[in-house]
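For reference, the structure discussed in these notes is given below.
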Amino acid sequence: MQVTLPDGKALELPDGATGLDAARAIGPKLAEQAVLVRADGRVQDLRLPLADGEPIQILTTRDKDDPDALYVLRHSSAHLLAEAVRRLYPGVKVAIGPPIENGFYYDFDFPEPITEADLEKIEAEVKREISDGREWSREEISRDDARTRFEAEQEPYKVELVDTAQGDISLYTQGDFTDLCRGPHLQNAKPIKAFKLTGLAGAYWRGDEHNKQLTRIYGTAFYTQDDLDAYLARLEEARRRDHRRLGVQLDLFHLSEHSPGSPFWHPKGMVIWNTLEELRKRENRRRGYVEVKTPLLYDEQTYETSGHLANYEDNIFWVQSHEQHDRRFALKPMNCPGHMILFGSQLRSYRELPFRFAESSTLHRDEITGALHGLLRVKHITQDDAHIFCSREQIEEEIFGCLDFAYYLYELFDLEARFELSTRPEKRVGTDEEWDFTEGALRSALERRGIEYVVNEGDGAFYGPKIDLHMTDVLGRSWQMGTIQLDAQMPQRFGLTFMGADNEEHVPYVIHRALLGSLERFIGILTEHYGGAFPFWIAPVQVRILPVGEDHREAAHDLAARLVPYRVEVDDSAETVGKRIRNSEIEKIPFTVVYGDAESDDSLAVRERGGGQSNPSLSEFRDRLATLLPWQAGAEPSLTS
RNA sequence: GCCGGAGUAGCUCAGCUGGUAGAGCGCGUCCCUUGUAAGGACGAUGUCGUGGGUUCGAGUCCCACCUCCGGCUCCA
């Protein structure tokens, strides 16, 4: 047989030759450094036979940044971890240990709980394994043999995995540890030049909270120590951009034990908040939305009708009325019931459709404590919410409108969201036919707009499927931002109808949509996205003026007055100019203007955030600032129907 | 909610095996009168998360709770 190498040359090999055989045929050095083979695009263990005629690429320790090469390194590292843990903690049961982005983990069932102090000991044991030398061997066995083997080793989790595994069963052995594993793995542990355990956490077996909680040990590994150091430095850098840290540093907001999960917005944070609110109102108006306001409190019956009571009772804040002891009220966790009631309060005609009711009001959700996270997961939520009531025929155009609107908003902030289509969950209302229709409508809208998306099976709302926009935070976690949901259920449950052209009553469809998502979360993501250096139009303080000496104070305040309506501050504190510039930089203010004897309306000393300097006249400076406002630059939707 | 960790001045943190608290930044007063990332002197910081307990004595040890952090689960 023969295979093709990356340079196009053909390599003759005996039938059944493996990737390692191919590497040996090319050279002993290559064979020694090989970590896996990419054969016809798929990643394959070096020990497995190649197929005749396929193109192959041998990855070696030199491909230290290749994601597949790192995956193998980390996967093998996870096995070393399991070996070490089994040696150090007799009686421990091993579960699963896959590579993940930036590292790997392994789940264990320890007889006695361990703490972070144990990690040091375990890490030392793994490093000993690496320096002692470990080689991996691979074997394929029958399902029954595998079950017998893991039963004999008293590894119940492995037995369960054998019973549910798809396809052939393969085992990998290194040292005195054999693991059920699809591979691929390294030849030996030599390429693991840097190994570090990074964390300890509980994790449910098979990700189900009804199952036993196991102990998960996280770690990472690299082909060089420098790469590990660089990774740790990147983590440290990321922490500097964390919105929780920047929020305090830049005096945007704080969180308090007095009201867990509910941010206290400081004046500077409110500038950002209000800027987003203005954007929301302005763009909604442009797109035919009308602003409404519905109550914060509803009686229990409302949520019985909507179906939320059955699904979310534990996450709703209940309020007791002083007089009506037998009638519970709840702080609204979402706006839809209010908008349903509003729609249903009058006779509606098809001529009026679509109704686009917009509302940004406060929602409360009693999230479990472990879920709270800075601004990204809060109990006090403010959505840029809207509900579009439309006929079946209007659905597609309305979804397009939402998608275009979303694109407009995210481009404005230079954000790139990932789109997900979340389909019918197990616990849901409505018929399969209705779900077929609503899911199909969202899918086709995405496809007709040419939007790339991933399907998130079973993650829809109980009343309908949704298109979700996701963003990643500075720690690599994914958060749902905007959402566009198509709902055939809620209008039925609230008995909503409109009069059609046929003089018959019809039930409207509803599109629930929030595009920024929650303002809290959006500001959190924005803060991290910009690293606190907000663009001019969002920056809480846009211009700071520094009078050089006492004699220049009056002129500085005068200049500030002439820069209205921009957000201008004068820093006339008794600090040196150098110190005040430093403060201005630390506060990430876009423009700092030093004003002294040398300055006049004809020539200002303007410093841009980061250090650039220029000497525009006052009118030139004003013109410059005006170009930095997106609405005056006349931004139009980039995708129009 | 679950596993692990943490909570000391406004912020970042130190405080060894129990003897009633410190640093830097920030803040205040004063001096300096400033030219593109830290001028100087002096001064005040505080229920050591909360409540119990052990002890002659608890920031330090024990218990409960609250909040936060890293994960897991959840997220209308």
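Protein chains get the first letters and strands the later ones, always in sequence-line order, with residue 1 at the start of each.
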Hey, does [X] reach any base, or is it just sugar-phosphate, or nothing, if we go heavy atoms under 4.0 Å?
| X | answer |
| --- | --- |
| G374(A) | sugar-phosphate |
| H512(A) | nothing |
| G199(A) | nothing |
| G207(A) | sugar-phosphate |
| D551(A) | nothing |
| D597(A) | base |
| Q249(A) | nothing |
| F462(A) | nothing |
| K212(A) | nothing |

[N] versus [M] - spacing of their [atom1] atoms, nearest Å:
| N | M | atom1 | result |
| --- | --- | --- | --- |
| rU55(B) | rU20(B) | C1' | 14 Å |
| rC56(B) | rC65(B) | P | 28 Å |
| rG52(B) | rA58(B) | C1' | 13 Å |
| rC32(B) | rG40(B) | C1' | 8 Å |
| rA21(B) | rU47(B) | P | 14 Å |
| rA44(B) | rU29(B) | P | 15 Å |
| rC69(B) | rU17(B) | C1' | 28 Å |
| rA6(B) | rC62(B) | P | 11 Å |

Nearest of [options] to any side-chain atom of [X]?
| X | options | result |
| --- | --- | --- |
| V548(A) | rG35(B), rG39(B), rG70(B) | rG35(B) |
| R582(A) | rG39(B), rA38(B), rU34(B) | rA38(B) |
| E599(A) | rG35(B), rG39(B), rC74(B) | rG35(B) |
| R477(A) | rU36(B), rG71(B), rA37(B) | rG71(B) |
| I581(A) | rU36(B), rA76(B), rG35(B) | rU36(B) |
| V594(A) | rU36(B), rG70(B), rU73(B) | rU36(B) |
| P333(A) | rG35(B), rA76(B), rA37(B) | rA76(B) |

Counting Watson-Crick and G-U wobble pairs only, both distances under 3.5 Å, name the nucleotide matched with [N], or none.
| N | answer |
| --- | --- |
| rC11(B) | rG24(B) |
| rC65(B) | rG49(B) |
| rU34(B) | none |
| rC56(B) | rG19(B) |
| rA41(B) | rU29(B) |
| rA76(B) | none |

Ignoring hydrogens and geometry beyond distance, is a side-chain donor-acceptor pair present between [X] and [Y] at under 3.5 Å?
| X | Y | answer |
| --- | --- | --- |
| S422(A) | E420(A) | no |
| R418(A) | S478(A) | yes |
| H387(A) | D487(A) | no |
| D468(A) | T483(A) | yes |

Steps toward salt bridge (charged side-chain N to carboxylate O under 4.0 Å, His left out) verdict (R206(A), D208(A)): CA-CA 6 Å; R206(A) 303 212 145 179; D208(A) 186 338; over 6 Å; no
Hey, do the aromatic rings of Y312(A) and Y303(A) have their centres closer than 6.0 Å?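 Ring-ring flag for Y312(A)/Y303(A): false, centres at least 6.0 Å apart.
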I'd like to know if [X] reaches the base of [N] with its side chain, counting only an N/O donor and acceptor under 3.5 Å.
| X | N | result |
| --- | --- | --- |
| R216(A) | rC72(B) | no |
| Y204(A) | rG1(B) | yes |
| R607(A) | rA37(B) | yes |
| R244(A) | rC68(B) | no |

Is the Lys NZ or Arg CZ of R74(A) less than 6.0 Å from the centre of F222(A)'s six-membered ring, within 45° of the axis?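 Flagged: R74(A) positioned over aromatic ring of F222(A).
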Parallel, tilted or perpendicular, as decided by the 30° and 60° cut-offs, for the rings of H380(A) and H364(A):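 Rings of H364(A) and H380(A): perpendicular, as their planes differ by over 60°.
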Please determine whether a side-chain nitrogen or oxygen atom of [X] lies at a distance below 4.0 Å from atom OP1 or OP2 of [N].
| X | N | result |
| --- | --- | --- |
| K379(A) | rC75(B) | no |
| H258(A) | rC66(B) | no |
| R580(A) | rG35(B) | no |

Atom OH in Y231(A), atom OG1 in T198(A): separation rounded to 0.5 Å?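 Result: 6.0 Å between the selected atoms.
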Has R580(A) got a side-chain atom pairing as donor or acceptor with E575(A)'s backbone, closer than 3.5 angstrom?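 Yes; judged by distance alone, with no hydrogens or angles, the pair exists.
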Can you confirm whether Y105(A) sits close enough to P98(A) that some side-chain heavy atom of one is under 4.5 Å from a side-chain heavy atom of the other?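 With C-beta onward as the side chain, the pair touches.
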Pick one: which of R280(A), R513(A), R356(A) meets side-chain hydrogen bond (donor to acceptor under 3.5 Å, both in side chains) with Y289(A)?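 Testing each of R280(A), R513(A), R356(A) against Y289(A), the sole residue satisfying side-chain hydrogen bond (donor to acceptor under 3.5 Å, both in side chains) is R513(A).
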Would you say whether Y218(A) stacks on rG71(B)? The test is a distance between ring centres of less than 5.5 Å and an angle between planes of less than 30°.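 Answer is no, no stack.
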Between N or O atoms, less than 3.5 Å apart, protein on one side and nucleotides 3-11 of chain B on the other: list the pairs.
| residue | atom | partner | partner atom | Å |
| --- | --- | --- | --- | --- |
| rC3(B) | O4' | Q213(A) | OE1 | 2.9 |
| rC3(B) | O2 | G202(A) | N | 3.0 |

Please assess E237(A) against R234(A) for the test salt bridge (charged side-chain N to carboxylate O under 4.0 Å, His left out), listing each intermediate value before the final yes or no. CA-CA 5 Å; E237(A) 176 57 30; R234(A) 275 203 306 283; over 6 Å; no
N/O to N/O distances under 3.5 Å, protein versus nucleotides 24-26 of chain B:
| residue | atom | partner | partner atom | Å |
| --- | --- | --- | --- | --- |
| rG26(B) | OP1 | K579(A) | NZ | 2.9 |

Nucleotide rA76(B), atom P - distance to CG of D314(A) in whole Å: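 Checked: the CG to P distance equals 15 Å.
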